[in-house]
Amino acid sequence: MAVGPLCQREGASCGACCGLYNRQDLSRAGVERLLRRRTRVLAETPPTPEAFRDAAARLGNHEEAPLFPSVRICSFLGYLDASESRIGCLAHPLSTGGVDLRDCGVYDARTCGAFFCPSHSWLSEEEAEIVAQTCAGDPYLYGLAVTDVPFLRAALQGVARLAGRSVGRRNLDNERFRAALRRLFALKEELTPGSEGLFGAFQAGADGEPIPRMIDYAVLGRGAASPYDEILRCVGADPRSGNDLEVLEDEVRTRLESCARALG
Ligand code: SF4
Ligand code: SF4
């Protein structure tokens, strides 16, 4: 692990590997409704294995079928604070008041505690801080962004290229820039449902490394690759993903320019 834990950082939290986005309706509103319901039910559940198992079964019965049946969805992922700015495990001893009830979920406590997604080995501390500070208080966007390293890097490089200088966490003190960068990252939540770009980090080859994505510009009647090809590949701007290349390209250009302008 080359970077500090990404799951819970100052201001940012993720629940992607607990199955947060493994839903047909992975809209922000749908995901937030689900988290709210689980949090309410588990707050009323006594912290015992029997009660948590029973609550997990009841919650699971009401949840829609997963998008990827082979990936598990755990009903214990919910909100950790009243303002809904942080998500996390409601069966963890820190949430239950001392009892570890993670064995009652879809994995066991050891698996939950030992798992670190590939972003932990790919992201640098600097990159992790940039995404955490940019998506602070917004676990929905943070989880989508922090699990897609190729997208993050392409976005930061795109800004650097346009601005003519590298982007670092020092730039995040600039509120205008932070807002513009957040808007660039938010491309991830505006893609067509089912788009490959939504699950960028989950497209792994046999060796565990990401499978490079590509846009067939010739088939789309375009002579040359877009100047934003790297980002567009990451968000799945191709017919297979159901996204419109030109619309996305315009959005990418506009959002990159806003970032570069904010940097001055
Ligand atoms: S997907 Fe990665 S960052 Fe997110 S909760 Fe799981 S291990 Fe942590
Ligand atoms: S029990 Fe494990 S899988 Fe379930 S929410 Fe907690 S950490 Fe995630």
Side-chain angles (χ1 to χ4, degrees), residues 1-23 26 31 34-39 41-43 45 47-49 51-60 63 66-68 70-80 86-125 127-136 138-152 185 188-189 198-204 208 210:
M1 196 169 75
V3 70
L6 302 170
C7 323
Q8 297 288 335
R9 290 179 86 86
E10 195 184 337
S13 54
C14 173
C17 62
C18 305
L20 185 62
Y21 308 107
N22 190 12
R23 308 162 37 79
L26 46 79
V31 164
L34 174 85
L35 289 169
R36 224 165 267 148
R37 190 160 154 274
R38 290 176 182 167
T39 308
V41 169
L42 291 170
T45 303
T48 66
F52 260 60
R53 278 203 183 93
D54 180 59
R58 279 185 289 122
L59 284 165
E63 289 182 12
L67 196 56
F68 304 109
S70 58
V71 178
R72 298 181 199 181
I73 302 176
C74 188
S75 302
F76 295 156
L77 181 74
Y79 286 117
L80 297 181
R86 184 172 287 280
I87 58 171
C89 179
L90 299 176
H92 190 282
L94 289 173
S95 300
T96 63
V99 200
D100 193 339
L101 294 167
R102 289 175 294 174
D103 281 345
C104 308
V106 293
Y107 301 109
D108 55 55
R110 238 183 77 189
T111 309
C112 295
F115 180 75
F116 292 102
C117 69
S119 298
H120 284 88
S121 9
W122 292 339
L123 280 182
S124 68
E125 191 57 36
E127 290 166 327
E129 267 307 297
I130 291 174
V131 66
Q133 286 184 34
T134 305
C135 306
D138 184 354
Y140 179 79
L141 179 58
Y142 175 71
L144 284 176
V146 80
T147 51
D148 193 345
V149 178
F151 168 74
L152 280 179
F185 289 170
K188 288 279 296 178
E189 60 175 287
L198 282 166
F199 300 106
F202 296 94
Q203 300 287 319

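All values derive from a computational prediction rather than experimental measurement. Read the numbers this way: they start at 1 and go in the same order the structure lists the ligands and their atoms.
Annotation: side chain of Leu144 is not in contact with side chain of Phe185 (no heavy-atom distance under 4.5 Å). The shortest distance between side-chain heavy atoms of Thr39 and Leu90 falls below 4.5 Å. A 4.5 Å side-chain heavy-atom check between Pro49 and Asp103 finds every atom pair outside the cut-off.
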Working for salt bridge (Lys or Arg N to Asp or Glu O under 4.0 Å), residues Asp100 and Arg102: CA-CA 6 Å; Asp100 193 339; Arg102 289 175 294 174; 2.8 Å; yes
Using side chain to side chain contact (heavy atoms under 4.5 Å, CB included), reason through Leu35 and Leu20 one step at a time and then give a plain yes or no. CA-CA 9 Å; Leu35 289 169; Leu20 185 62; 3.9 Å; yes
Let's go through Ser75 and Arg37 carefully: what are the C-alpha distance in whole Å and the side-chain angles of both, what is the deciding distance for side chain to side chain contact (heavy atoms under 4.5 Å, CB included) to 0.1 Å, and is it a yes or a no? CA-CA 10 Å; Ser75 302; Arg37 190 160 154 274; over 6 Å; no
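Between atom 8 (Fe) of ligand 1 and Cys14 there is no N/O/S contact shorter than 2.8 Å. In summary, Cys89 places an N/O/S atom under 2.8 Å from atom 6 (Fe) of ligand 2, meeting the contact criterion.
For Arg38 and Glu63, the salt-bridge test passes: some basic side-chain N is under 4.0 Å from an acidic carboxylate O.
Atom numbering of ligand 1 starts at 1 in the shown order; those under 4.0 Å from a heavy atom of Cys17 are 1 (S), 5 (S), 6 (Fe), 7 (S). Those atoms of ligand 2 that come under 4.0 Å of a heavy atom in Cys112, given as number and element, are 1 (S), 2 (Fe), 3 (S), 7 (S). If you number the atoms of ligand 1 from 1 as listed, the ones under 4.0 Å from a heavy atom of Cys117 come out as 1 (S), 2 (Fe), 3 (S), 7 (S). Less than 4.0 angstrom separates some heavy atom of Leu77 from each of these atoms of ligand 2: 5 (S). Less than 4.0 angstrom separates some heavy atom of Ala16 from each of these atoms of ligand 1: 1 (S). Applying the 4.0 Å criterion to heavy atoms of Cys74 picks out, from ligand 2, the atoms 1 (S), 3 (S), 4 (Fe), 5 (S). Close approach of ligand 1 to Thr147 (heavy-atom distance below 4.0 Å) involves ligand atoms 1 (S). Atoms of ligand 2 found under 4.0 Å from any heavy atom of Tyr107 (numbered from 1 in listed order, with element): 3 (S).
The only member of Val131, Ile87, Thr134, Thr147 that meets side chain to side chain contact (heavy atoms under 4.5 Å, CB included) when paired with Tyr142 is Val131.
Scanning all protein heavy atoms for the shortest distance to atom 8 (Fe) of ligand 2 gives Cys18 SG, 2.4 Å.
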